Protein chains: 2
Amino acid sequence: MTTDQRPLRADAQRNLERITTSAQVLFAERGTRAQMEDIAAHAGVGIGTLYRRFPTKEALLTALVRKRFQEFAVIAAECEEISDPYDALATSMRRQAESVVGDAAFQLAMMNIDSFSWDGIEEDKAALNAILGRLLERAQAAGAVRADLRVEDYGMMMCGTTATMYFMHALPEPGWRRHLEILLAGLKPT
Amino acid sequence: MTTDQRPLRADAQRNLERITTSAQVLFAERGTRAQMEDIAAHAGVGIGTLYRRFPTKEALLTALVRKRFQEFAVIAAECEEISDPYDALATSMRRQAESVVGDAAFQLAMMNIDSFSWDGIEEDKAALNAILGRLLERAQAAGAVRADLRVEDYGMMMCGTTATMYFMHALPEPGWRRHLEILLAGLKPT
DNA sequence: CGGTATCCGGAATCTTACCTCCGTATTCGG
DNA sequence: CCGAATACGGAGGTAAGATTCCGGATACCG
(Lines give C-alpha, C1' and ligand atoms only; values in the text may rest on other atoms or scores of the structure.)
Protein backbone atom coordinates (compact mmCIF):
# COMPACT_ATOMS: atom_id res chain seq x y z
CA MET A 1 0.00 0.00 0.00
CA THR A 2 3.04 2.28 0.18
CA THR A 3 2.52 4.68 -2.68
CA ASP A 4 6.02 5.79 -3.50
CA GLN A 5 6.31 4.68 -7.07
CA ARG A 6 8.03 7.93 -7.86
CA PRO A 7 8.91 10.82 -5.61
CA LEU A 8 6.30 13.51 -6.14
CA ARG A 9 7.05 16.22 -8.59
CA ALA A 10 8.45 19.30 -6.84
CA ASP A 11 5.36 21.44 -7.17
CA ALA A 12 3.14 18.59 -6.13
CA GLN A 13 5.20 18.03 -3.02
CA ARG A 14 4.99 21.67 -2.09
CA ASN A 15 1.25 21.72 -2.58
CA LEU A 16 0.80 18.56 -0.57
CA GLU A 17 2.48 20.18 2.38
CA ARG A 18 0.40 23.30 2.07
CA ILE A 19 -2.76 21.27 1.89
CA THR A 20 -1.89 19.24 4.94
CA THR A 21 -1.09 22.32 6.94
CA SER A 22 -4.21 24.19 5.90
CA ALA A 23 -6.39 21.20 6.56
CA GLN A 24 -4.95 20.85 10.05
CA VAL A 25 -5.65 24.50 10.74
CA LEU A 26 -9.19 24.56 9.42
CA PHE A 27 -10.26 21.21 10.79
CA ALA A 28 -8.88 22.18 14.15
CA GLU A 29 -10.76 25.43 14.07
CA ARG A 30 -14.09 24.33 12.64
CA GLY A 31 -14.20 20.64 13.30
CA THR A 32 -15.26 18.22 10.61
CA ARG A 33 -17.56 20.88 9.20
CA ALA A 34 -14.61 22.63 7.62
CA GLN A 35 -15.15 22.57 3.88
CA MET A 36 -12.94 21.18 1.21
CA GLU A 37 -13.15 24.34 -0.88
CA ASP A 38 -12.07 26.45 2.06
CA ILE A 39 -9.15 24.20 2.74
CA ALA A 40 -8.04 24.40 -0.88
CA ALA A 41 -8.42 28.16 -0.84
CA HIS A 42 -6.51 28.45 2.42
CA ALA A 43 -3.73 26.43 0.87
CA GLY A 44 -3.77 28.62 -2.22
CA VAL A 45 -4.61 25.66 -4.40
CA GLY A 46 -7.45 24.54 -6.64
CA ILE A 47 -9.94 21.97 -5.41
CA GLY A 48 -8.88 19.60 -8.10
CA THR A 49 -5.39 19.62 -6.69
CA LEU A 50 -6.63 18.80 -3.24
CA TYR A 51 -8.62 15.89 -4.59
CA ARG A 52 -5.65 14.47 -6.45
CA ARG A 53 -3.84 13.90 -3.14
CA PHE A 54 -6.79 12.97 -1.01
CA PRO A 55 -9.55 11.23 -2.93
CA THR A 56 -12.02 12.05 -0.23
CA LYS A 57 -12.62 14.34 2.70
CA GLU A 58 -12.51 11.34 4.93
CA ALA A 59 -9.09 10.38 3.61
CA LEU A 60 -7.74 13.81 4.41
CA LEU A 61 -9.19 13.79 7.88
CA THR A 62 -7.93 10.30 8.52
CA ALA A 63 -4.40 11.30 7.60
CA LEU A 64 -4.48 14.05 10.19
CA VAL A 65 -6.00 11.91 12.87
CA ARG A 66 -3.37 9.26 12.29
CA LYS A 67 -0.70 11.82 12.89
CA ARG A 68 -2.33 12.70 16.18
CA PHE A 69 -2.31 9.11 17.29
CA GLN A 70 1.33 8.89 16.43
CA GLU A 71 1.98 11.94 18.54
CA PHE A 72 0.06 10.32 21.35
CA ALA A 73 2.36 7.34 21.10
CA VAL A 74 5.40 9.56 21.32
CA ILE A 75 4.05 11.25 24.42
CA ALA A 76 3.17 7.95 26.03
CA ALA A 77 6.61 6.61 25.26
CA GLU A 78 8.25 9.62 26.84
CA CYS A 79 6.14 9.12 29.92
CA GLU A 80 7.48 5.64 30.35
CA GLU A 81 10.67 7.31 31.53
CA ILE A 82 8.90 8.76 34.54
CA SER A 83 9.81 6.77 37.59
CA ASP A 84 6.60 7.02 39.61
CA PRO A 85 4.13 4.62 38.00
CA TYR A 86 1.02 6.63 38.79
CA ASP A 87 2.66 9.82 37.65
CA ALA A 88 3.70 8.22 34.43
CA LEU A 89 0.13 7.30 33.60
CA ALA A 90 -1.35 10.58 34.75
CA THR A 91 1.21 12.66 32.94
CA SER A 92 0.63 10.78 29.74
CA MET A 93 -3.03 11.60 29.93
CA ARG A 94 -2.56 15.19 30.89
CA ARG A 95 -0.04 15.84 28.17
CA GLN A 96 -2.05 14.12 25.48
CA ALA A 97 -5.14 16.04 26.42
CA GLU A 98 -3.26 19.28 26.48
CA SER A 99 -1.88 18.58 23.03
CA VAL A 100 -5.31 18.53 21.39
CA VAL A 101 -6.90 21.45 23.16
CA GLY A 102 -7.40 23.49 20.04
CA ASP A 103 -8.21 20.65 17.68
CA ALA A 104 -11.97 20.37 17.36
CA ALA A 105 -11.82 17.80 14.59
CA PHE A 106 -9.70 15.44 16.61
CA GLN A 107 -11.97 15.86 19.58
CA LEU A 108 -14.87 14.82 17.41
CA ALA A 109 -12.85 11.91 16.11
CA MET A 110 -12.18 10.72 19.65
CA MET A 111 -15.88 10.79 20.30
CA ASN A 112 -16.59 8.75 17.23
CA ILE A 113 -19.14 11.32 16.18
CA ASP A 114 -19.05 11.36 12.43
CA SER A 115 -19.69 8.12 10.71
CA PHE A 116 -16.24 7.82 9.26
CA SER A 117 -14.50 4.52 9.07
CA TRP A 118 -11.03 5.89 9.76
CA ASP A 119 -9.49 3.27 7.53
CA GLY A 120 -5.88 2.55 8.19
CA ILE A 121 -5.82 3.95 11.66
CA GLU A 122 -5.89 0.62 13.44
CA GLU A 123 -2.16 0.17 13.11
CA ASP A 124 -1.41 3.40 14.87
CA LYS A 125 -3.97 2.74 17.54
CA ALA A 126 -2.47 -0.66 18.20
CA ALA A 127 1.01 0.80 18.54
CA LEU A 128 -0.30 3.35 20.97
CA ASN A 129 -2.22 0.79 22.96
CA ALA A 130 0.86 -1.35 23.35
CA ILE A 131 2.60 1.47 25.17
CA LEU A 132 -0.45 2.40 27.17
CA GLY A 133 -0.81 -1.19 28.19
CA ARG A 134 2.67 -1.20 29.66
CA LEU A 135 2.06 2.09 31.42
CA LEU A 136 -1.12 0.77 32.95
CA GLU A 137 0.30 -2.59 33.96
CA ARG A 138 3.19 -0.97 35.70
CA ALA A 139 0.88 1.27 37.69
CA GLN A 140 -1.27 -1.68 38.62
CA ALA A 141 1.70 -3.78 39.63
CA ALA A 142 2.75 -0.99 41.95
CA GLY A 143 -0.74 -0.86 43.39
CA ALA A 144 -1.05 2.75 42.29
CA VAL A 145 -4.30 2.30 40.43
CA ARG A 146 -7.33 0.03 40.56
CA ALA A 147 -6.65 -3.51 39.51
CA ASP A 148 -9.76 -3.78 37.38
CA LEU A 149 -8.74 -1.20 34.80
CA ARG A 150 -8.21 -2.22 31.21
CA VAL A 151 -6.45 -0.51 28.35
CA GLU A 152 -9.79 0.34 26.77
CA ASP A 153 -10.53 2.47 29.80
CA TYR A 154 -7.71 4.76 28.86
CA GLY A 155 -9.29 5.51 25.52
CA MET A 156 -12.65 5.90 27.13
CA MET A 157 -11.29 8.43 29.57
CA MET A 158 -9.67 10.35 26.76
CA CYS A 159 -12.98 10.26 24.96
CA GLY A 160 -14.75 11.71 27.96
CA THR A 161 -12.09 14.32 28.39
CA THR A 162 -12.10 15.49 24.79
CA ALA A 163 -15.88 15.62 25.00
CA THR A 164 -15.80 18.06 27.89
CA MET A 165 -13.16 19.97 25.99
CA TYR A 166 -15.42 20.28 22.97
CA PHE A 167 -18.37 20.99 25.19
CA MET A 168 -16.68 24.00 26.71
CA HIS A 169 -15.76 25.25 23.27
CA ALA A 170 -15.87 29.01 23.53
CA LEU A 171 -15.86 29.29 27.28
CA PRO A 172 -12.75 30.85 28.72
CA GLU A 173 -12.38 28.62 31.72
CA PRO A 174 -10.75 25.29 31.00
CA GLY A 175 -13.22 23.27 33.00
CA TRP A 176 -12.17 20.09 31.29
CA ARG A 177 -8.99 20.04 33.29
CA ARG A 178 -10.98 19.61 36.45
CA HIS A 179 -12.89 16.81 34.79
CA LEU A 180 -9.65 15.08 33.95
CA GLU A 181 -8.36 15.51 37.48
CA ILE A 182 -11.52 13.90 38.85
CA LEU A 183 -10.95 10.95 36.55
CA LEU A 184 -7.32 10.68 37.56
CA ALA A 185 -8.25 10.79 41.23
CA GLY A 186 -10.81 8.09 40.60
CA LEU A 187 -8.16 5.78 39.24
CA LYS A 188 -6.56 5.27 42.61
CA PRO A 189 -7.45 2.05 44.39
CA THR A 190 -10.19 2.37 46.98
CA MET B 1 -45.35 32.41 24.56
CA THR B 2 -47.88 29.83 25.68
CA THR B 3 -49.60 28.79 22.48
CA ASP B 4 -52.97 27.59 23.67
CA GLN B 5 -55.26 29.95 21.85
CA ARG B 6 -57.54 27.07 21.05
CA PRO B 7 -57.22 23.43 21.95
CA LEU B 8 -55.90 21.60 18.90
CA ARG B 9 -58.41 19.99 16.62
CA ALA B 10 -58.83 16.31 17.42
CA ASP B 11 -56.93 14.97 14.41
CA ALA B 12 -54.18 17.50 14.91
CA GLN B 13 -53.75 16.46 18.51
CA ARG B 14 -53.51 12.83 17.55
CA ASN B 15 -50.93 13.58 14.88
CA LEU B 16 -48.91 15.70 17.21
CA GLU B 17 -48.56 12.82 19.60
CA ARG B 18 -47.59 10.45 16.83
CA ILE B 19 -45.00 12.86 15.56
CA THR B 20 -43.48 13.35 18.97
CA THR B 21 -43.28 9.65 19.58
CA SER B 22 -41.79 8.86 16.19
CA ALA B 23 -39.29 11.66 16.47
CA GLN B 24 -38.17 10.36 19.85
CA VAL B 25 -37.70 6.89 18.43
CA LEU B 26 -35.82 7.92 15.32
CA PHE B 27 -33.67 10.58 16.92
CA ALA B 28 -32.77 8.16 19.66
CA GLU B 29 -31.83 5.56 17.13
CA ARG B 30 -30.00 7.64 14.53
CA GLY B 31 -29.00 10.73 16.40
CA THR B 32 -29.51 14.14 14.93
CA ARG B 33 -29.00 12.69 11.48
CA ALA B 34 -32.48 11.25 11.54
CA GLN B 35 -34.40 12.86 8.70
CA MET B 36 -37.60 14.81 8.86
CA GLU B 37 -39.16 12.82 6.03
CA ASP B 38 -38.45 9.58 7.81
CA ILE B 39 -39.97 10.87 10.99
CA ALA B 40 -43.10 11.95 9.16
CA ALA B 41 -43.32 8.60 7.44
CA HIS B 42 -42.78 6.74 10.70
CA ALA B 43 -45.62 8.74 12.18
CA GLY B 44 -47.82 8.00 9.20
CA VAL B 45 -48.14 11.66 8.41
CA GLY B 46 -47.15 14.02 5.58
CA ILE B 47 -44.14 16.25 5.91
CA GLY B 48 -46.32 19.29 5.70
CA THR B 49 -48.11 18.16 8.81
CA LEU B 50 -44.90 17.73 10.70
CA TYR B 51 -43.78 21.19 9.74
CA ARG B 52 -47.03 22.77 10.88
CA ARG B 53 -46.28 21.68 14.46
CA PHE B 54 -42.56 22.14 14.43
CA PRO B 55 -41.40 24.89 12.11
CA THR B 56 -37.93 23.51 12.07
CA LYS B 57 -35.96 20.37 12.75
CA GLU B 58 -34.22 22.17 15.53
CA ALA B 59 -37.53 23.04 17.16
CA LEU B 60 -38.55 19.41 17.15
CA LEU B 61 -35.28 18.28 18.61
CA THR B 62 -35.35 20.99 21.21
CA ALA B 63 -38.78 19.91 22.39
CA LEU B 64 -37.48 16.41 22.98
CA VAL B 65 -34.34 17.53 24.71
CA ARG B 66 -36.35 19.76 27.01
CA LYS B 67 -38.38 16.79 28.04
CA ARG B 68 -35.20 14.95 28.91
CA PHE B 69 -34.01 17.76 31.10
CA GLN B 70 -37.33 17.76 32.86
CA GLU B 71 -36.95 14.05 33.47
CA PHE B 72 -33.47 14.69 34.81
CA ALA B 73 -34.97 17.14 37.27
CA VAL B 74 -37.50 14.58 38.42
CA ILE B 75 -34.79 12.02 39.00
CA ALA B 76 -32.62 14.49 40.86
CA ALA B 77 -35.56 15.51 43.02
CA GLU B 78 -36.27 11.89 43.89
CA CYS B 79 -32.65 11.43 44.86
CA GLU B 80 -32.91 14.23 47.38
CA GLU B 81 -34.88 11.75 49.48
CA ILE B 82 -31.86 9.51 49.82
CA SER B 83 -30.38 9.96 53.26
CA ASP B 84 -26.70 9.40 52.53
CA PRO B 85 -25.44 12.59 50.86
CA TYR B 86 -22.85 10.92 48.66
CA ASP B 87 -25.28 8.25 47.63
CA ALA B 88 -27.86 10.84 46.75
CA LEU B 89 -25.48 12.54 44.34
CA ALA B 90 -24.10 9.33 42.89
CA THR B 91 -27.50 7.78 42.44
CA SER B 92 -28.78 10.85 40.66
CA MET B 93 -25.96 10.59 38.19
CA ARG B 94 -26.24 6.87 37.70
CA ARG B 95 -29.97 7.01 37.14
CA GLN B 96 -29.85 9.92 34.77
CA ALA B 97 -27.15 8.29 32.73
CA GLU B 98 -29.03 5.04 32.64
CA SER B 99 -32.14 6.84 31.45
CA VAL B 100 -30.53 8.06 28.24
CA VAL B 101 -28.62 4.95 27.28
CA GLY B 102 -30.46 4.44 24.03
CA ASP B 103 -30.87 8.06 23.08
CA ALA B 104 -28.15 9.02 20.63
CA ALA B 105 -29.63 12.42 19.90
CA PHE B 106 -29.66 13.42 23.52
CA GLN B 107 -26.13 12.21 23.95
CA LEU B 108 -25.09 14.46 21.09
CA ALA B 109 -27.05 17.31 22.62
CA MET B 110 -25.20 16.86 25.91
CA MET B 111 -21.95 17.09 24.03
CA ASN B 112 -23.01 20.27 22.33
CA ILE B 113 -22.03 18.74 19.03
CA ASP B 114 -24.45 20.17 16.53
CA SER B 115 -24.59 23.88 16.22
CA PHE B 116 -28.12 24.19 17.49
CA SER B 117 -29.09 26.99 19.76
CA TRP B 118 -31.53 24.95 21.87
CA ASP B 119 -33.70 27.97 22.37
CA GLY B 120 -35.98 27.83 25.34
CA ILE B 121 -34.05 25.18 27.17
CA GLU B 122 -32.41 27.50 29.65
CA GLU B 123 -35.42 27.50 31.92
CA ASP B 124 -35.37 23.75 32.30
CA LYS B 125 -31.65 23.67 32.76
CA ALA B 126 -31.90 26.25 35.51
CA ALA B 127 -34.58 24.30 37.31
CA LEU B 128 -32.43 21.20 37.12
CA ASN B 129 -29.34 23.02 38.31
CA ALA B 130 -31.16 24.33 41.34
CA ILE B 131 -31.78 20.80 42.51
CA LEU B 132 -28.33 19.60 41.60
CA GLY B 133 -26.88 22.52 43.51
CA ARG B 134 -28.66 21.40 46.65
CA LEU B 135 -27.57 17.83 46.15
CA LEU B 136 -23.97 18.89 45.74
CA GLU B 137 -23.96 21.31 48.65
CA ARG B 138 -25.34 18.71 50.97
CA ALA B 139 -22.64 16.24 49.99
CA GLN B 140 -19.97 18.85 50.45
CA ALA B 141 -21.33 19.90 53.82
CA ALA B 142 -21.12 16.29 54.90
CA GLY B 143 -17.55 16.12 53.66
CA ALA B 144 -18.51 13.34 51.30
CA VAL B 145 -17.10 14.98 48.19
CA ARG B 146 -14.35 17.44 47.32
CA ALA B 147 -15.02 20.96 48.47
CA ASP B 148 -13.90 22.52 45.20
CA LEU B 149 -16.68 21.07 43.06
CA ARG B 150 -19.17 23.37 41.37
CA VAL B 151 -22.54 22.69 39.85
CA GLU B 152 -21.08 23.04 36.37
CA ASP B 153 -18.94 20.03 37.10
CA TYR B 154 -22.03 17.90 37.29
CA GLY B 155 -23.00 18.81 33.74
CA MET B 156 -19.46 18.30 32.60
CA MET B 157 -19.36 14.85 34.07
CA MET B 158 -22.64 13.98 32.41
CA CYS B 159 -21.20 15.28 29.19
CA GLY B 160 -18.18 13.04 29.54
CA THR B 161 -20.33 10.11 30.42
CA THR B 162 -22.73 10.48 27.51
CA ALA B 163 -19.71 10.85 25.26
CA THR B 164 -18.34 7.48 26.28
CA MET B 165 -21.83 6.11 25.88
CA TYR B 166 -22.05 7.38 22.33
CA PHE B 167 -18.51 6.27 21.68
CA MET B 168 -19.34 2.70 22.55
CA HIS B 169 -22.41 2.84 20.39
CA ALA B 170 -22.85 -0.62 19.01
CA LEU B 171 -20.57 -2.46 21.35
CA PRO B 172 -22.28 -4.88 23.68
CA GLU B 173 -20.27 -4.13 26.77
CA PRO B 174 -21.40 -1.07 28.66
CA GLY B 175 -17.93 0.31 29.25
CA TRP B 176 -19.32 3.71 29.99
CA ARG B 177 -20.51 2.50 33.38
CA ARG B 178 -16.97 1.92 34.43
CA HIS B 179 -16.10 5.40 33.26
CA LEU B 180 -18.86 6.82 35.38
CA GLU B 181 -17.73 4.83 38.39
CA ILE B 182 -14.24 6.22 38.00
CA LEU B 183 -15.65 9.70 37.99
CA LEU B 184 -17.77 9.00 41.03
CA ALA B 185 -14.81 7.58 42.89
CA GLY B 186 -12.83 10.66 41.96
CA LEU B 187 -15.38 12.90 43.62
CA LYS B 188 -14.44 11.78 47.08
CA PRO B 189 -12.17 14.09 49.02
CA THR B 190 -8.52 13.19 48.93
C1' DC C 1 15.72 22.44 -25.73
C1' DG C 2 11.77 19.08 -27.08
C1' DG C 3 8.63 15.53 -25.52
C1' DT C 4 5.96 13.58 -22.25
C1' DA C 5 4.35 12.22 -17.87
C1' DT C 6 2.46 14.79 -14.12
C1' DC C 7 -0.07 18.39 -12.31
C1' DC C 8 -3.13 22.33 -11.90
C1' DG C 9 -7.58 24.95 -11.63
C1' DG C 10 -12.21 25.66 -11.05
C1' DA C 11 -16.67 25.41 -13.50
C1' DA C 12 -20.13 22.06 -13.69
C1' DT C 13 -22.39 18.01 -11.80
C1' DC C 14 -24.57 15.27 -8.30
C1' DT C 15 -26.51 14.31 -4.04
C1' DT C 16 -28.77 15.02 0.03
C1' DA C 17 -31.78 17.01 3.04
C1' DC C 18 -34.53 20.80 4.73
C1' DC C 19 -38.49 23.50 4.06
C1' DT C 20 -42.54 25.90 1.28
C1' DC C 21 -46.76 26.07 -1.02
C1' DC C 22 -51.28 25.34 -2.13
C1' DG C 23 -55.22 22.54 -3.65
C1' DT C 24 -57.93 19.21 -1.09
C1' DA C 25 -59.93 17.10 3.14
C1' DT C 26 -61.59 17.10 7.89
C1' DT C 27 -63.47 18.96 12.19
C1' DC C 28 -66.58 21.49 14.83
C1' DG C 29 -69.90 25.17 16.37
C1' DG C 30 -74.56 26.44 15.78
C1' DC D 1 -76.50 19.57 8.14
C1' DC D 2 -73.61 23.96 6.58
C1' DG D 3 -69.84 26.93 6.43
C1' DA D 4 -65.94 28.52 8.20
C1' DA D 5 -61.68 27.52 10.34
C1' DT D 6 -58.14 24.16 10.64
C1' DA D 7 -55.53 20.51 8.96
C1' DC D 8 -53.52 17.40 5.65
C1' DG D 9 -50.24 15.66 1.99
C1' DG D 10 -46.44 15.57 -0.75
C1' DA D 11 -44.46 17.46 -5.14
C1' DG D 12 -41.19 20.87 -5.94
C1' DG D 13 -37.92 24.72 -4.69
C1' DT D 14 -33.52 25.64 -2.77
C1' DA D 15 -29.13 25.41 -0.66
C1' DA D 16 -25.00 23.49 0.67
C1' DG D 17 -21.14 20.75 -0.16
C1' DA D 18 -18.68 16.93 -1.89
C1' DT D 19 -16.65 15.15 -6.07
C1' DT D 20 -15.67 14.87 -11.17
C1' DC D 21 -13.73 16.27 -15.54
C1' DC D 22 -10.69 17.91 -18.76
C1' DG D 23 -8.28 21.66 -21.38
C1' DG D 24 -4.28 24.06 -20.33
C1' DA D 25 0.23 24.54 -17.43
C1' DT D 26 4.68 22.66 -15.48
C1' DA D 27 8.44 19.94 -14.22
C1' DC D 28 11.76 16.47 -15.32
C1' DC D 29 14.62 13.39 -18.49
C1' DG D 30 17.91 12.91 -22.00
Side-chain angles (χ1 to χ4, degrees), chain A residues 3-23 26-27 29-65 104-105 108-109 113-119, chain B residues 3-23 26-27 29-64 104-105 108 113-119:
Chain A
T3 324
D4 50 357
Q5 317 170 318
R6 228 139 283 268
L8 283 177
R9 225 172 70 174
D11 53 349
Q13 178 62 41
R14 183 169 359 100
N15 284 334
L16 173 58
E17 277 156 22
R18 282 184 175 186
I19 289 171
T20 306
T21 304
S22 295
L26 291 191
F27 277 134
E29 188 176 295
R30 308 179 194 173
T32 48
R33 274 172 313 193
Q35 293 169 214
M36 294 301 260
E37 310 226 359
D38 289 347
I39 291 172
H42 187 279
V45 150
I47 322 176
T49 304
L50 196 171
Y51 273 95
R52 181 158 311 83
R53 281 321 143 221
F54 300 94
T56 232
K57 182 174 180 177
E58 182 167 342
L60 176 52
L61 212 33
T62 299
L64 298 178
V65 171
L108 290 169
I113 294 300
D114 305 281
S115 46
F116 294 141
S117 55
W118 308 112
D119 282 324
Chain B
T3 325
D4 50 358
Q5 315 170 317
R6 229 138 282 269
L8 283 177
R9 225 172 71 175
D11 52 348
Q13 178 63 40
R14 182 168 1 99
N15 284 335
L16 173 58
E17 277 156 22
R18 283 184 174 187
I19 288 171
T20 306
T21 304
S22 295
L26 291 191
F27 277 134
E29 187 175 295
R30 307 179 195 174
T32 48
R33 274 172 313 193
Q35 293 170 214
M36 295 300 262
E37 311 226 356
D38 289 345
I39 291 172
H42 187 278
V45 151
I47 321 175
T49 304
L50 195 171
Y51 274 95
R52 181 156 314 87
R53 280 324 141 219
F54 301 94
T56 234
K57 181 175 179 176
E58 182 167 344
L60 176 53
L61 211 34
T62 299
L64 298 178
L108 291 169
I113 294 300
D114 305 282
S115 46
F116 293 141
S117 54
W118 309 111
D119 282 324

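For the numbers below, each heavy atom of this structure counts, side chains included, while hydrogens, waters and symmetry mates do not. Letters A, B, ... mirror the listed sequences (proteins, then strands); counts begin at 1. Here the structure is a predicted model, which is why all the values come from computation and not from measurement.
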> To the nearest 10 degrees, what angle separates the axes at the start and end of the helix from C:dC1-D:dG30 to C:dG30-D:dC1, five pairs each?
Replying inline: 10°

Quiz: residues 42-56 of chain B side-chain donor-acceptor pairs under 3.5 angstrom, not counting sequence neighbours:
residue	atom	partner	partner atom	Å
B:H42	ND1	B:S22	OG	2.7

Looking at [atom1] of [X] and [atom2] of [Y], how far apart are the two atoms once the value is rounded to the nearest 0.5 Å?
{"X": "B:S115", "Y": "B:E58", "atom1": "OG", "atom2": "CD", "answer": "8.0 Å"}
{"X": "B:I39", "Y": "B:T21", "atom1": "CD1", "atom2": "OG1", "answer": "11.5 Å"}
{"X": "A:I113", "Y": "B:L108", "atom1": "CD1", "atom2": "CG", "answer": "5.0 Å"}

>> With side-chain hydrogen bond (donor to acceptor under 3.5 Å, both in side chains) as the rule and sequence neighbours excluded, what pairs involving residues 9-18 of chain A come up?
In response: A:R9-A:D11, A:Q13-A:E17

>> Taking side-chain contact (heavy atoms from CB on, under 4.5 Å) as the definition, give me every residue that meets it alongside A:A109, ordered by chain and number, with sequence neighbours left out.
In response: A:V65, A:W118

> Excluding sequence neighbours, so at least two apart, what forms side-chain contact (heavy atoms from CB on, under 4.5 Å) with B:A105?
Replying inline: B:F27, B:L61, B:D103

> What salt bridge (charged side-chain N to carboxylate O under 4.0 Å, His left out) pairs are there with at least one residue in residues 31-50 of chain A, not counting sequence neighbours?
Replying inline: A:R30-A:D38

> Any side-chain heavy-atom pair from A:T20 and A:L60 closer than 4.5 angstrom?
Replying inline: no

> Got A:D119 and A:T62 here, is their nearest side-chain heavy-atom distance under 4.5 Å?
Replying inline: no

>> Please check this pair: side chain of B:K57 against backbone of B:A34, looking for a donor-acceptor N/O pair closer than 3.5 Å.
In response: yes

Going by number, which of [range] have a non-hydrogen atom under 4.0 Å from DNA chain D?
{"range": "residues 52-62 of chain B", "answer": "B:R52, B:R53"}
{"range": "residues 30-38 of chain B", "answer": "none"}
{"range": "residues 39-50 of chain A", "answer": "A:I47"}

>> Reading DNA chain D in the 5' to 3' direction, which nucleotide is the first one with an atom under 4.0 Å from a heavy atom of chain A, and which is the last?
In response: D:dG17 to D:dC28

> What is the 5' to 3' range of DNA chain C, first to last nucleotide, that sits under 4.0 Å from any heavy atom of chain B?
Replying inline: C:dA17 to C:dC28

>> If you assign each of A:L8 and B:L8 to its closest nucleotide in DNA chain C, which residue comes earlier from the 5' end?
In response: A:L8

> More 5' along DNA chain C: B:R14 or B:Y51, using each one's nearest nucleotide?
Replying inline: B:Y51

>> Applying side chain to side chain donor-acceptor pair (under 3.5 Å), can you list everything that pairs with B:E29, at least two apart in sequence or on another chain?
In response: none

